[in-house]
Amino acid sequence: MEVKVSHVVKRYGVLEVLNIDELTFEAGKAYGVIGPNGAGKTTLFKCITNIIGDYQGQVSIGGVFVKEDNSILSNVGIVLDGISVYKDRTGWFNIEYFSSLRGNFDAQKAEKLAIELEISEYLHSKVKTYSYGMVKKLILLIALLHDPKILILDEPFRGLDNETVTWFKFYLKQMTQKGMTLIISSHVRNDIESLCQEAYILKKGRLDRHIDLSDISQKMVRDVETTNQEALIVILESFNYYYQVLETGIIRLNIQDERWLNVKKTLTEQHVEITELAKVNILDGNLN
């Protein structure tokens with residue numbers, strides 16, 4: 001199920017926290033939404049799910065405008081960092097209550113997920129006795145119970161043990177292979193790289209850029225240091241080779257370019273040594 005965000009603007013008084021012109025999440029794909037704290041990620045998720053409804057613009061899910069028919073949200077599961085449940089009630093109460101808002105309650109499936117998440121034995125206890133990680137598992141269970149066609153996750157692995165994270169990532173990959181649209185934010189680079197095909201970078205509430213994580217050319221970017229950076233620049237210019245000079249003097253370029261072999265040969269001929277050829281992760285600098 002596809003999600004489209006069109007000309008969505010959200011302000012708190014004069015403070016603009018979100019201004020997205022166009023953003024599309026295609027059905028059956030996994031997307032990372034990345035940016036530093038305050039970039040607008042959670043606000044975007046709340047607008048998509050109509051938790052925040054007083055925004056300008058439109059969000060459509062499966063071609064249906066959410067503001068006009070929010071019943072379409074029955075197809076969406078969402079886990080926000082810090083989302084609350086009824087802590088004076090049991091885990092089972094919360095599962096049954098939130099499930100009833102979305103349709104029929106499948107007790108058998110809930111029990112199966114609870115066993116896999118290792119919280120089954122605690123479901124008859126009040127949530128206020130749970131640890132942070134157990135509460136997170138309960139919220140994940142509720143979000144997954146109805147096999148949502150769209151799943152939105154905000155820092156979903158925070159507070160979870162490594163075994164649960166491994167299980168959860170495997171589960172998410174299975175769901176996306178079956179056609180679920182996954183939208184996830186995380187400050188952990190591996191979370192995005194291991195799950196997503198594409199990523200949107202937000203900065204100060206606006207879309208900064210789009211990254212195709214499957215694009216091999218983006219994985220071949222390197223930071224180059226030599227014994228003579230000025231000579232390297234002259235050689236790159238002679239081959240009309242695109243490069244960037246960082247503030248540190250390091251030169252960033254794509255070694256997939258077929259001319260790179262000629263550049264290296266020329267460096268050798270001029271007795272210039274490459275002292276560093278460091279891989280650049282395309283997500284670095286966008287997660288924090």
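FYI, the numbering just counts along the sequence from 1. These numbers come from the heavy atoms of this one structure, side chains and all, not from hydrogens, waters or symmetry mates.
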Is a side-chain donor or acceptor of [X] paired with a backbone partner of [Y] at a separation under 3.5 angstrom?
X	Y	result
K41	G35	yes
R222	I255	no
Q229	G249	yes
T226	N228	yes
N94	T90	yes
T181	G28	yes
T275	E225	yes
T227	E273	yes

Does [X] reach the side chain of [Y], with side-chain heavy atoms less than 4.5 Å apart?
X	Y	answer
F93	V127	no
W92	E111	yes
L207	L202	yes
N254	W260	no
P148	V76	no
V85	Y130	no
L232	V272	no
I192	L213	yes

At their closest point, which heavy atom of [X] faces which heavy atom of [Y], and how far apart are they?
X	Y	value
D191	S186	OD2-OG, 2.8 Å
L123	A114	CD1-CB, 3.6 Å
A143	L151	CB-CD1, 4.2 Å
G32	C196	N-SG, 3.4 Å
G40	L18	O-CD1, 3.7 Å

Next on the checklist: Please evaluate residues K173 and L195 with respect to the criterion side chain to side chain contact (heavy atoms under 4.5 Å, CB included), reporting the C-alpha separation (whole Å), side-chain torsions for both, the decisive distance (0.1 Å), and the verdict.
Outcome noted: CA-CA 7 Å; K173 287 178 181 179; L195 287 170; 3.9 Å; yes

Item to check | Stepwise side chain to side chain contact (heavy atoms under 4.5 Å, CB included) check, L140 with F168 | outcome: CA-CA 9 Å; L140 288 173; F168 189 31; 3.4 Å; yes

Checklist outcome for this item: Applied to residues 150-163, the side-chain hydrogen bond (donor to acceptor under 3.5 Å, both in side chains) test, sequence neighbours excluded, yields T42-D154, D81-R158, K137-D161, D154-S185, E155-H187, D161-T164

Checklist entry - Any side-chain hydrogen bond (donor to acceptor under 3.5 Å, both in side chains) pairs touching residues 232-242, not counting sequence neighbours? => result E237-Y243

When rounded to the nearest 0.5 angstrom, what distance separates [atom1] in [X] from [atom2] in [Y]?
X	Y	atom1	atom2	answer
L261	T266	CG	OG1	10.5 Å
K203	R209	NZ	CZ	7.0 Å
I201	I34	CD1	CD1	4.0 Å
Y97	I142	OH	CD1	11.0 Å
Y122	L138	OH	CG	13.5 Å
I184	L172	CD1	CG	6.5 Å

List, one per line, each side-chain donor-acceptor pair under 3.5 Å for residues 53-68, sequence neighbours excluded.
residue: D54; atom: OD1; partner: K10; partner atom: NZ; Å: 2.9
residue: D54; atom: OD2; partner: K10; partner atom: NZ; Å: 3.0
residue: K67; atom: NZ; partner: Y55; partner atom: O; Å: 2.4

Side-chain ion pair, [X] and [Y], N-O less than 4.0 Å:
X	Y	answer
D88	K126	no
D21	R206	no
D147	K178	no

Could you tell me whether [X] atom [atom1] has more than 12 heavy atoms of other residues or ligands within 6.0 Å of it?
X	atom1	result
K169	NZ	yes
Y132	OH	yes
R259	CZ	yes

Next on the checklist: The test is side chain to side chain contact (heavy atoms under 4.5 Å, CB included); show your working for L246 and R252 and say whether it passes.
Outcome noted: CA-CA 7 Å; L246 307 184; R252 180 167 292 176; 3.6 Å; yes

For residues [X] and [Y]: do they belong to one hydrophobic cluster (side chain heavy atoms under 4.5 Å, members Ile, Leu, Val, Met, Phe, Trp, Tyr)?
X	Y	answer
I274	I250	no
L277	I251	yes
V9	I51	no
F239	V234	no
I235	V245	yes

Checklist entry - Are E230 and I233 close enough, and set up right, to give a side chain to side chain contact (heavy atoms under 4.5 Å, CB included), and what steps lead you there? => result CA-CA 5 Å; E230 291 183 1; I233 290 173; 5.6 Å; no

Checklist entry - How are the rings of Y31 and Y200 set to each other: parallel, tilted or perpendicular (split at 30° and 60°)? => result parallel

Checklist entry - Any idea how Y86 and F98 line up, ring-wise: parallel (<30°), tilted (30 to 60°), or perpendicular (>60°)? => result parallel

Checklist entry - Which of these passes side-chain contact (heavy atoms from CB on, under 4.5 Å) with T49: L80, I78, V3, L44? => result I78

Checklist entry - Hey, mind stepping through T24 and E2 against side chain to side chain donor-acceptor pair (under 3.5 Å) and telling me if it holds? => result CA-CA 7 Å; T24 299; E2 186 177 74; 5.5 Å; no

